[in-house]
Amino acid sequence: MAFVPFDDRDGWIWFDGEFVPWREAKTHVLTHGLHYGSSVFEGERMYGGEIFKLTAHSERLKRSAELLDFEIPYSVAEIDAACKETCARNGLIDCYIRPVAYLGPEQLSVTAKNSKVHLAIAAWEWPSYFDPEVKKKGIALEWAKWRRPDPATAPSTAKAAGLYMICTMSKTAAEKRGFADALMLDWRGYVAEATGANVFFVRNGVLQTPRVDHILNGITRQTVIEMAQARGIEVIVRDILPEELGDFSECFLTGSAAEVTPVGQVGDYRFTPGALSLSLMDDYGKLVRGQL
């Protein structure tokens, strides 16, 4: 597939309550969100004309903005409706949706009391986040150089744009070395998450996953836990040391973009995508398409 720049596409973007042609959805170079990271966003998927867990995403968008001390001037219901309208206006029924809220260019200084809050929503066709053939075998991760921050130093439970810079750096570095992604530790040295997805491990038929009081509690993560518990699978949420990875038989990632993706390698540790990972991957695919 030929690369198409994101600023040079056909279609419509919902921008502050109106639809504008895709190429005209622009903001000023002195926008506060560009200089100071005052921006929050969501990543959502539409399957067969329905956006999965749409309201949960809109609620989290509002909550993330509040954690960054600004208020999005639209209700959850209005954001839900705008996401649906954006997909419909672009003729999409299977796609990725990106709402983003940010502080504008009215005031460029550390303080932002005079800056206006903007909201934009774009949607586009997007295939699997990871190569489908590689995904079945289990993707390879390396250990990230950077660590997720102490929640006392950053609003680490918000889906805030600025918190993703170390993710960009880590994933880009991993891809340059032939890995699909990187696994990050938290500031204490415990396993945290991948650069854009939560992580699960399997030992003796039991799912184990890191606590999320200091990282993003992914909506897909919550969904997979609910699916597993409904099947009678025990789920343990706890701090996990990196050296414990040798005790696990399976590993997989979860996220709106990643969906459920088996992992075959983390650094020197190896895993085999097994029955639990693969069945949850299949069941999640059915659930989001209304087949489960």
Arg188/Asp150 ion pair, N-O < 4.0 Å
no
Modelled atom types, side-chain donor and acceptor of Arg231 and Ser279, under 3.5 Å:
yes
Centroid-centroid distance, Phe248 to Tyr269, less than 6.0 Å:
no
With heavy-atom distances below 4.5 Å as the criterion, would you say the side chains of Glu44 and Ser256 are in contact?
no
Between Arg9 and Phe6, is NZ or CZ placed under 6.0 angstrom from the six-membered ring centre and within 45° of the ring axis?
yes
Under 4.0 Å between a side-chain nitrogen and a carboxylate oxygen: does that hold for Asp7 and Lys26?
no
Between Lys53 and Thr223, a side-chain donor and acceptor under 3.5 Å
yes
Between Lys171 and Glu175, is there a side-chain N and carboxylate O pair less than 4.0 Å apart?
yes
Using 30° and 60° as the class boundaries, would you call the ring planes of Tyr96 and Trp124 parallel, tilted or perpendicular?
tilted
Salt bridge check: are Arg98 and Glu42 linked by an N-O gap of less than 4.0 Å?
no
So, are Asp239 and Arg211 salt-bridged, with charged N and O less than 4.0 Å apart?
yes
Ring-ring centroid check Trp14 Tyr74, cutoff 6.0 Å:
yes
From Ile97, Leu61, Thr55, residue fulfilling side-chain contact (heavy atoms from CB on, under 4.5 Å) relative to Cys83
Ile97
Cation-aromatic face contact Arg45/Trp126, 6.0 Å, 45 degrees:
yes
May I ask you to decide whether Asp247 forms a salt bridge with Arg203, counting only side-chain N to carboxylate O separations under 4.0 Å?
yes
Can a cation-pi geometry be assigned to Arg89 and Trp12, taking NZ or CZ under 6.0 Å from the six-membered ring centre and within 45° of the ring axis?
yes
Should the pair Arg289 and Tyr47 be classed as cation-pi, given the thresholds of under 6.0 Å to the six-membered ring centre and 45° from the axis?
no
With no hydrogens and no angle check, just 3.5 Å: does a side-chain donor-acceptor pair link Ser115 and Glu106?
no
